[in-house]
Visitor: 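Structure provided below as structure tokens; questions to follow.
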Protein chains: 4
Amino acid sequence: MSDPETSERRAAILAAAVRVFAREGFHACRVSDIAAEAQVGYGLVYHYFPSKEALLDTIFLERWGVMLDAIRAIDAGEPSAREKLAAIASFIFESYRREPDLMKVIIVEVTRAANSFGARHLDQIGEAYALIGEILSEAIRRGEVRAQTDVRFAAMAFYGVIEQVLTGWIFGLLPAGEEHFDRTKQAAIELVFDGLCGERGAQRRAGA
Amino acid sequence: MSDPETSERRAAILAAAVRVFAREGFHACRVSDIAAEAQVGYGLVYHYFPSKEALLDTIFLERWGVMLDAIRAIDAGEPSAREKLAAIASFIFESYRREPDLMKVIIVEVTRAANSFGARHLDQIGEAYALIGEILSEAIRRGEVRAQTDVRFAAMAFYGVIEQVLTGWIFGLLPAGEEHFDRTKQAAIELVFDGLCGERGAQRRAGA
Amino acid sequence: MSDPETSERRAAILAAAVRVFAREGFHACRVSDIAAEAQVGYGLVYHYFPSKEALLDTIFLERWGVMLDAIRAIDAGEPSAREKLAAIASFIFESYRREPDLMKVIIVEVTRAANSFGARHLDQIGEAYALIGEILSEAIRRGEVRAQTDVRFAAMAFYGVIEQVLTGWIFGLLPAGEEHFDRTKQAAIELVFDGLCGERGAQRRAGA
Amino acid sequence: MSDPETSERRAAILAAAVRVFAREGFHACRVSDIAAEAQVGYGLVYHYFPSKEALLDTIFLERWGVMLDAIRAIDAGEPSAREKLAAIASFIFESYRREPDLMKVIIVEVTRAANSFGARHLDQIGEAYALIGEILSEAIRRGEVRAQTDVRFAAMAFYGVIEQVLTGWIFGLLPAGEEHFDRTKQAAIELVFDGLCGERGAQRRAGA
DNA sequence: GATGAATGAGATTTCATTCAT
DNA sequence: TATGAATGAAATCTCATTCAT
């Protein structure tokens, strides 16, 4: 109860920070905006977090950790690489559907911020690519995926497709309604596995 | 010669801004850093540009315009969609090879900056996706690409793969030596057209 | 026992404040540092003292009162001015030997702090000079000290010598080991009474 | 002219800082008070000085350097130790007469500030004592001063007498009018050389 | 054109103090 | 008594921008 890590107010500040970072951007917003959004005095923000940066670090680390765990669980649970990647894409798209602000903050403020937070959390970011890469390596061994595939490239490409779709949603360049999530997830998997002109993959799925 | 748009000093300031934005980030750097990099007094920056933001706007608009022109030219010149997209990927990778700082700035500071420059230049950014989308629409009509493909999605996915590779180079997560540019370009096209498990595409190219 | 003035915790807080003020300085330290040093919650500091300033006021007033009492007792008890001043110097040096932190705080944070605590406690500080001055006035009447001596000046000079020695110890500019206390006390009295070149005084004492 | 070290505005800021530090104390005053006193925007303070602390450092170092130079010159120029110390006392008292605020700042905020500026400038402060100590060592060799004198102690005591007189003036505990400077200087030298009861020294001077 | 001194709004952060428990 | 979460005034410092030269 008195553990500061589980304080309700702390959680409220974190949630407010997500909304404010998403709405105004990390650099454009002020700590007092976050405090106001959380309906607390802004001194309390500094009671729980040493700095504005620490807020974003905490948000990212917590969420990214959840994603890494999810990827590991998927890797352990699903049978084929195709289903694994589909599950990963599902998880990320579902994350966006449920918490678009959080995903926006992670992508816009961390994942591409090569000069600040991205550089700081490179290990965490790279870990995601590595996990996806391992799934692909295994798929090559099983014959699921072409042998000559560059695993590292393919992992990044797969993640790039997903992140770009998210970016499209964030910017309003791609329709984001409920009905699109599933279709887009399917399309992403199809693209990565079968390509734009691969009838075989399409047929295989049609027959299934 | 006396056209302020073509002044040598102006160009030096712009080039310096690219280097400094790439090195330190737009928010972290100071106008005086840019002036120092350009070896001019920082008052001169304000002689040529109304604000720090205008520098980044200018950098982005100029370069993005060149890219849009290139895409249009490629669209007009190449025979097949595959070759068109290959040429576009080539152009972008080549741009990075020649001017990595410039591309880093565009991707990191503009293209994903949903709350600031990205939002400001959404029309320009969207135009690129639209052009790629048109290439794909045409390809569907010609039967080059599966009919059921969601063109908007596919355009973003294609660009997402490219941007992610660039991001990998920027972060040092992907090997960036000279020899990788071509191979990666090929892999990107192959992935998008043939997918990870499409032998047909690979064979087709092997036979060519 | 239940008198808040004599509470054990209160005393612990006061003692902790002395250590912390001595170690970090009044301005540089935080109330929570004092509470941590006293091993109490920092709310308790405010239970016993109305403010951080009140802590220093209490420390100073308490100790300075002890010193004034001691001076008065010495004045009443010792026969000659020389012995009186020697006893005063002894008392102060002894105070530093036993409680260097306390004396450091009094000198550094109060006695010379012309814009804050020094000004606030000017009456108390001046009282010490006045008492010493009275001893010297009496000594002049008795012929112990030169008639033309400016008593106020001499009192301050005497105290100045003592305080400077303490400052030297505080800063580590003067050797502060046990063996130096007595020697320094003698030297201070000799200097004030006999000066640097007065053999007579030295001889007189040697003969005694 | 354009040397920032000799800028008029910079000098105005420094002079204003002296007045404000003297009037309100280093900790109690705000940088904006200094800027207002100097009649400049407070950004300019940071144009010339990196921090509020740097202002005090600069003030101290500049002035203390002048004093050390003066002491060295006096050491080289005067014949006897008595005259040397008299000249040093003169110089310091004269400094206070001409620039009481400056001397107040140096004594109150630096020379006794064991936890902040005093500690930072200990070398400079100690150098003054060392120079005075050398004068006394030489005086012992020449027989001017008792052989058994502890030089380090005596140097600090001498300086302590002077500083205490200054403190008395600062606090208004000692009369500070023009006519007192000379008398006090004489008294300080007499005290240190002849002591409170040394007729010999007094006679010697009376006869001179 | 070119410079950099000058400005001041505004941001982060600290920490003495209050107060509910 | 005792605690420490909560508050917010206030301080330092940064830096984009202006402007006199």
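Residue numbering restarts at 1 for every chain, and letters A, B, ... go by the order of the sequence lines.
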Visitor: Starting from the 5' end of DNA chain E, give me the residue, B:Gly43 or C:Pro50, whose nearest nucleotide shows up first.
Guide: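 Closest to the 5' end, via its nearest nucleotide, is B:Gly43.
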Visitor: Specify the separation, in whole Å, of atom OH of B:Tyr46 and atom P of F:dA20.
Guide: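 That distance rounds to 17 Å.
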Visitor: Rounded to whole angstrom units, what separation is found between the CD atom of C:Glu8 and the P atom of F:dT1?
Guide: 12 Å
Visitor: Can you name the residues that form a side chain to side chain contact (heavy atoms under 4.5 Å, CB included) with B:Thr58, not counting sequence neighbours?
Guide: B:Arg10, B:Leu14, B:Phe49, B:Glu62
Visitor: Please determine whether a side-chain nitrogen of the Lys or Arg among D:Lys104 and D:Asp101 lies less than 4.0 Å from a carboxylate oxygen of the Asp or Glu.
Guide: no
Visitor: Of the nucleotides E:dT7, E:dA5, F:dT12, which has the atom closest to the D:Val40 side chain?
Guide: E:dT7
Visitor: Test: ring pair (Phe, Tyr, Trp, His ring centres under 6.0 Å). Region: residues 104-125 of chain D. Which pairs qualify, not counting sequence neighbours?
Guide: D:Phe26-D:Phe117, D:Phe60-D:His121
Visitor: Starting from Watson-Crick (N1-N3 plus N6-O4 or O6-N4) and G-U wobble pairs under 3.5 Å, report the runs of at least three that DNA chain F belongs to.
Guide: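 E:2-21 with F:2-21 - these are the stems of 3 or more pairs that involve DNA chain F.
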Visitor: Can you work out whether B:Ser51 or C:Gly41 has the more 5'-proximal nearest nucleotide on DNA chain F?
Guide: C:Gly41
Visitor: For F:dA2 and C:Arg9 - does any side-chain N or O of the residue sit under 4.0 Å from the phosphate oxygens OP1/OP2?
Guide: yes
Visitor: Can you confirm whether B:Thr111 sits close enough to B:Trp64 that some side-chain heavy atom of one is under 4.5 Å from a side-chain heavy atom of the other?
Guide: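 Yes, side chains in contact.
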Visitor: Going by atom types only, do B:Ser95 and B:Arg63 share a side-chain donor-acceptor pair under 3.5 Å?
Guide: yes
Visitor: To the nearest 0.5 Å, tell me how far B:Leu55 CG sits from B:Ile59 CD1.
Guide: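 Between B:Leu55 CG and B:Ile59 CD1, I get 6.0 Å after rounding to 0.5 Å.
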Visitor: Choose from F:dA10, E:dA6, F:dA6 the nucleotide whose nearest atom is closest to any side-chain atom of A:Tyr42.
Guide: F:dA10
Visitor: Quick check for you: to the nearest 0.5 Å, what is the distance between B:Met67 atom CE and B:Met103 atom CE?
Guide: 7.0 Å
Visitor: Rounded to whole angstroms, how far apart are CG on A:Leu55 and P on E:dT12?
Guide: 11 Å
Visitor: Between A:Ile34 (CD1) and E:dA11 (P), how many Å, whole number?
Guide: 12 Å
Visitor: Using whole Å, what does the distance between atom P of nucleotide E:dT12 and atom CG of A:Asp33 come to?
Guide: 8 Å
Visitor: Side chains of residues 37-45 of chain D: which donor-acceptor pairs under 3.5 Å do they make with residues two or more places apart or in other chains?
Guide:
unit_1	atom_1	unit_2	atom_2	d
D:Glu37	OE1	D:Arg23	NH2	2.6
D:Glu37	OE2	D:Arg19	NE	2.6
D:Glu37	OE2	D:Arg19	NH2	3.3

Visitor: With a 4.0 Å cut-off on heavy atoms, is D:Ser32 in touch with a base, just the backbone sugar-phosphate, or nothing at all?
Guide: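 Here D:Ser32 touches no strand at all.
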Visitor: Send over the distance from C:Lys52 NZ to E:dA16 C1', rounded to a whole Å.
Guide: 8 Å
Visitor: Output the single nucleotide from E:dA11, F:dA6, E:dT17 whose closest atom is nearest the side chain of A:Arg30.
Guide: E:dA11
Visitor: Rounded to the nearest angstrom, tell me the gap between atom CG in D:Leu44 and atom C1' in F:dA20.
Guide: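 Distance check: D:Leu44 CG to F:dA20 C1' gives 14 Å.
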Visitor: Take the protein atom CZ of A:Phe49 and the nucleotide atom P of E:dT14, then report the distance between them rounded to whole Å.
Guide: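 Spelled out: CZ on A:Phe49 to P on E:dT14 is 15 Å.
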Visitor: Nearest 0.5 Å, please: how far is CZ in D:Arg120 from CG in D:Asp57?
Guide: 4.0 Å
Visitor: Among the candidates E:dA16, F:dA6, E:dA5, find the nucleotide nearest to the side-chain atoms of A:His47.
Guide: F:dA6
Visitor: Go through the structure and list residues passing ring-ring contact (aromatic ring centres under 6.0 Å, His included) with C:His47, not counting sequence neighbours.
Guide: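 Here no residue qualifies.
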Visitor: Of the nucleotides E:dT17, E:dA6, F:dT7, which has the atom closest to the C:Val31 side chain?
Guide: E:dT17
Visitor: Given that B:Cys29 and D:Glu53 both sit by DNA chain F, which one's nearest nucleotide is further toward the 5' end?
Guide: D:Glu53
Visitor: Tell me which residues in residues 20-28 of chain A lie within less than 4.0 Å of DNA chain F, going by non-hydrogen atoms.
Guide: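 None, since no heavy atom is under 4.0 Å.
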